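All values reported here derive from a predicted model rather than from experimental measurement. By convention here, the first residue in the shown sequence is residue 1.
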Amino acid sequence: MAVNCVHIDSDAYMVCLTHALSTEKEEVMGLLIGEIDETRVLHISAVIMLRRSDKQPDRVEISPEQLSAASTTAENLAHELQRPMRVLGWYHSHPHITVWPSHVDVRTQAMYQMMDEGFIGLIFSVFNQDKTTKQCRFQVTCFQSINQSPEGEAPQYMRLEIPLQIIRRDSMGKASLESLTELPKILSQEEEDEYVRSSQGHHLDLISRIYNGSVYTRAICHIMEVMSGPLMQTLESRLEQNHHKVSELLQEKERLTRSLSGFDDEDKLLQRPARAGTSLAMEDDQFGA
């Protein structure tokens, strides 16, 4: 049974898009965590960025170990939030190409749906320049795979587009914040893996080793410049906004407290004449008797 709709929190969507925009040379990928309701609507609230063991411009691979680790993360998150969280899908980027899934993407999606029919895929098409406006734009699509072949014949999978809605959140969840701060670490680890792999050959001469070290240093500096610096500025700006919001809420609390105190004083003033009137009425009854 196909999924009816997918709702993704705005902070989780921002994490996916930030990851997709982190590089325009190779595809990146990650996993989506959330819950599914009885109407077959998926609610995605957390993202796990995955480290690439092999960088490819047109292909990504998620290992069974990464899926297992993501399931453990979803269980821990479910225990923390007291909600039935689990891995609901995957996402990857398409730099400089169309947003539509390739035949490899469709087959990969079909494989995941064999394990979980509610599994979905997101694709972020980034670094595409509009021919008219000459501006870079990005697109996103949500899809599943369906088999178009008659029963008994070899399967022929086609994409099935799933409606996607971004649910606004005024704050960033803890899970999304932790994923976002992991991005520079993941990119740095990938560059270190590439450097170690290129330095393992004993036949390299001194010039080659110096060159490899220079390329690695330049890559780390680039990550600090385009990822770590802007990320720190974004988080500092968000922290300042949160402090401002807390200050406004404290002022609102003080105003409401004063209002409640005023209501209490009015109640006391209204209750005093009532008690005095009751006392006088009792005295009149006594004299009358």
Side-chain angles (χ1 to χ4, degrees), residues 1-20 28-50 60 62-94 99-101 105-125 138-148 155 157-182 238:
M1 183 185 298
V3 172
N4 291 327
C5 184
V6 174
H7 293 172
I8 181 170
D9 289 348
S10 57
D11 56 341
Y13 177 83
M14 183 188 71
V15 172
C16 294
L17 182 58
T18 303
H19 192 195
V28 299
M29 78 284 192
L31 293 170
L32 308 168
I33 295 179
E35 52 190 321
I36 183 170
D37 61 25
E38 62 278 0
T39 62
R40 306 293 297 175
V41 175
L42 272 61
H43 303 269
I44 299 170
S45 55
V47 175
I48 299 178
M49 298 180 182
L50 298 180
V60 290
I62 301 176
S63 67
E65 292 80 10
Q66 289 174 321
L67 277 173
S68 177
S71 298
T72 302
T73 301
E75 292 175 2
N76 295 335
L77 192 59
H79 179 73
E80 178 181 344
L81 300 177
Q82 297 299 309
R83 289 156 51 189
M85 309 290 284
R86 63 185 179 91
V87 179
L88 291 178
W90 66 305
Y91 73 90
H92 70 285
S93 65
H94 275 186
V99 72
W100 305 122
D105 295 333
V106 174
R107 286 203 306 268
T108 302
Q109 175 63 31
M111 179 189 67
Y112 289 136
Q113 287 178 221
M114 292 178 185
M115 299 182 290
D116 183 354
E117 63 178 8
F119 211 84
I120 59 97
L122 291 181
I123 298 178
F124 290 82
S125 174
F138 68 88
Q139 295 174 292
V140 59
T141 187
C142 180
F143 73 103
Q144 284 193 306
S145 294
I146 54 174
N147 184 12
Q148 295 287 350
Y157 294 108
M158 301 288 291
R159 68 175 175 87
L160 174 65
E161 193 167 358
I162 306 296
L164 176 67
Q165 297 182 15
I166 302 173
I167 308 302
R168 178 178 175 180
R169 283 179 58 104
D170 294 330
S171 60
M172 181 179 292
K174 179 182 177 182
S176 295
L177 180 61
E178 291 177 349
S179 296
L180 197 60
T181 55
E182 281 290 312
R238 185 174 290 270

Please determine whether side chain to side chain contact (heavy atoms under 4.5 Å, CB included) holds for the pair Leu32 and Val47, giving the CA-CA distance in whole Å, both sets of side-chain angles, and the decisive distance to 0.1 Å. CA-CA 5 Å; Leu32 308 168; Val47 175; 4.2 Å; yes

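- For the atom pair NZ (Lys174) and CG (Leu77), the distance works out to 9.5 Å, reported to the nearest 0.5 Å.
- Applying the 6.0 Å contact sphere to CE of Met14 captures more than 12 heavy atoms from other residues, nucleotides or ligands.
- Among Leu160, Ile123, Leu122, the one residue that satisfies the side chain to side chain contact (heavy atoms under 4.5 Å, CB included) test with Phe143 is Ile123.
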Walk me through whether Arg169 and Ser176 qualify under side chain to side chain contact (heavy atoms under 4.5 Å, CB included). CA-CA 12 Å; Arg169 283 179 58 104; Ser176 295; over 6 Å; no

Please determine whether ring pair (Phe, Tyr, Trp, His ring centres under 6.0 Å) holds for the pair Tyr13 and Phe124, giving the CA-CA distance in whole Å, both sets of side-chain angles, and the decisive distance to 0.1 Å. CA-CA 10 Å; Tyr13 177 83; Phe124 290 82; 5.7 Å; yes

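- In this structure a side-chain-to-backbone donor-acceptor pair under 3.5 Å is present from Gln144 to Glu117.
- Here the side chain of Gln66 pairs no donor or acceptor atom with the backbone of Leu50 at under 3.5 angstrom.
- At a threshold of 4.5 Å between non-hydrogen side-chain atoms, the residues Ile167 and Ile8 do not count as touching.
- Contacts of Pro155 classified as side-chain contact (heavy atoms from CB on, under 4.5 Å), with partners at least two apart in sequence or in another chain: Asn147, Tyr157.
- Panel note: side chain Gln109, backbone Phe119; a donor-acceptor pair is recorded below 3.5 Å.
- Interatomic distance, CG of Asp116 versus CD1 of Ile36, reported as 7.5 Å (0.5 Å rounding).
- The two residues Cys142 and Val6 have their closest heavy-atom pair at SG-CG2, 3.7 Å.
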Any chance you could lay out the side chain to side chain contact (heavy atoms under 4.5 Å, CB included) test for Ile120 and Ile44, step after step, and finish with the verdict? CA-CA 11 Å; Ile120 59 97; Ile44 299 170; 4.1 Å; yes

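- The shortest distance between side-chain heavy atoms of Leu67 and Tyr112 falls below 4.5 Å.
- His94 and His92 have perpendicular rings, their planes meeting at more than 60° on a 0 to 90° scale where under 30° would count as parallel.
- Heavy atoms only, all atoms of each residue included: Ala175 and Ala46 are closest at CB-CB, 3.9 Å.
- Rounded to the nearest 0.5 Å, atoms CZ (Arg159) and CD1 (Ile146) are 10.0 Å apart.
- Smallest separation of non-hydrogen atoms from Gly118 and Leu42: O-CD2, 3.4 Å.
- Here the CG-CD distance, from Asp9 to Gln165, works out to 12.0 Å after rounding to the nearest 0.5 Å.
- With rounding to the nearest 0.5 angstrom, the CZ atom of Arg168 is 12.5 Å from the CG atom of Asp11.
- The CD atom of Glu35 sits 8.5 Å away from the CG atom of Leu88 when rounded to the nearest 0.5 Å.
- For the pair His43 and Ser45, the minimum side-chain heavy-atom distance is 4.5 Å or more.
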With side chain to side chain contact (heavy atoms under 4.5 Å, CB included) as the criterion, how do Thr108 and Val60 come out once you've worked through the C-alpha distance, each side chain's angles and the decisive distance to 0.1 Å? CA-CA 10 Å; Thr108 302; Val60 290; over 6 Å; no

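- No donor-acceptor distance shorter than 3.5 angstrom exists from the side chain of Thr141 to the backbone of Trp100, with no hydrogens or angles considered.
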